[in-house]
Amino acid sequence: MAFNPKTTHHALSLIEGMAPVITCELYANIIDKNGWRTRFAPSPTGFLHIGHAYAAYVVWQIAGENPDKFLLRIDDLDYTRCSDKYINQLKSDLSRLDISWTSQETYQSKRLRRYSQALQTLQEADLIYPCYLSRMEISDFLSPPSIEQISQPCTRGALSSKEILKRQQRGIKPALRLDMSKAIQHVGEVGWTRLDGIVIRAEPAKFGDIILGRRDITACYHLSVVLDDADTNIEVVTRGEDLRSSTDIHCLLQKLLGLPSPIYFHHPVILGEDGKKLSKRHKSPSLHNLRDTILTLKNILRKELVINF
Ligand code: GLU
């Protein structure tokens with residue numbers, strides 16, 4: 001794709017309009033800690049754009065610009081959409097932004113056994129159950145008003161044991177759903193702590209019986225991230241506001257699995273003109289196309305993210 005300075009200029013101006021996220025208080029706290037152990041976890045399903053640069057730079061600030069506190073995790077669970085070319089390019093993009101990370105990056109695709117073990121633990125406690133329904137059957141299963149809702153249905157007991165056996169014999173693999181009401185009964189009330197110390201009461205019930213184990217891929221996003229964050233001793237989960245609601249599910253899973261709870265810092269996400277999170281469909285220029293403007297981008301990120309004091 002040809003390098004289009006007009007689009008680049010526009011993309012850079014999106015960052016310039018954002019309020020600084022690193023306040024004086026937060027900055028002092030980061031310096032005091034010599035950076036928080038945190039992570040940047042891109043999914044390598046495309047090239048990084050300005051929105052990713054912004055997110056990575058927030059993580060870099062929370063880590064106190066300390067490479068020993070910045071973990072790079074490659075969220076490549078969905079192997080059908082991930083590619084090595086994106087992984088190589090994203091590493092080089094981060095380097096061009098002068099971001100560096102701990103010697104070893106982690107790959108979700110190499111941790112499938114860990115995810116399976118956790119699923120087994122949950123299954124042994126009868127907190128998850130197999131669901132053999134097809135996508136079509138699930139949507140029939142939901143009454144029309146709830147199709148719009150985020151809540152996943154409870155499908156336990158939806159099929160007779162004869163029908164389940166028939167599907168198993170046809171080689172159909174089940175998805176694994178969390179029994180939400182049982183899980184909540186098991187752990188009681190849950191909440192998560194923000195970096196400014198405020199505790200947020202979580203409301204996982206509204207998500208219903210979410211899928212934790214996928215038919216095609218061992219684990220889904222929610223399960224893999226809580227295990228990864230715990231196993232890599234992440235102190236602060238730094239990520240976009242678009243993932244804030246998932247935190248209600250994550251703190252529930254941490255309690256169920258006996259994992260430590262990190263602190264959370266959700267940063268604003270860059271929006272396109274349509275008010276939606278910047279993504280491929282906005283045709284924002286990829287970072288690797290920003291040859292001459294990378295310096296400008298770095299300056300803008302530093303100037304706009306960190307409060308001037
Ligand atoms: N891999 C996720 C993404 O690219 C981020 C995961 C997380 O921060 O929890 O949106």
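All ligand and atom numbering here is 1-based and tracks the order in the structure. If you're wondering where the values come from, they're calculated on a predicted model, not measured in any experiment.
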Checklist entry - Considering distance alone, does some N or O of R73 sit under 3.5 Å from an N or O of ligand 1? => result no
Checklist outcome for this item: Nearest non-hydrogen protein atom to atom 10 (O) of ligand 1, with distance, is L243 CD1, 4.1 Å
Checklist entry - Going by atom types alone, do T38 and T238 pair a side-chain donor with an acceptor below 3.5 Å? => result yes
Checklist entry - Is the centre of the H250 ring less than 6.0 Å from the centre of the Y221 ring? => result yes
Next on the checklist: Closer than 4.0 Å to some heavy atom of R239 - which atoms of ligand 1 meet that?
Outcome noted: 7 (C), 8 (O), 9 (O)
Next on the checklist: ring pair (Phe, Tyr, Trp, His ring centres under 6.0 Å), that's the test. Do H49 and Y54 meet it? Break it down for me.
Outcome noted: CA-CA 9 Å; H49 53 62; Y54 175 83; over 10 Å; no
Item to check | Nearest-neighbour protein heavy atom for atom 8 (O) of ligand 1, which is reported as residue plus atom name and distance | outcome: R39 NH1, 2.8 Å
Checklist entry - Is it true that L112 and L257 fall in one hydrophobic cluster, defined by side-chain heavy atoms closer than 4.5 Å? => result yes
Checklist entry - Taking the non-hydrogen atoms of H250, is any one of them nearer than 4.0 angstrom to ligand 1? => result no
Checklist entry - Does a donor on one side chain sit under 3.5 Å from an acceptor on the other, for D228 and Y115? => result yes
Item to check | Shortest protein heavy-atom distance from atom 1 (N) of ligand 1, along with the residue and atom involved | outcome: D75 OD2, 2.6 Å
Item to check | Check: A41 N/O within less than 3.5 Å of ligand 1 N/O | outcome: yes
Next on the checklist: Could you check whether W60 and D98, counting side-chain N and O atoms only, form a donor-acceptor pair closer than 3.5 Å?
Outcome noted: no
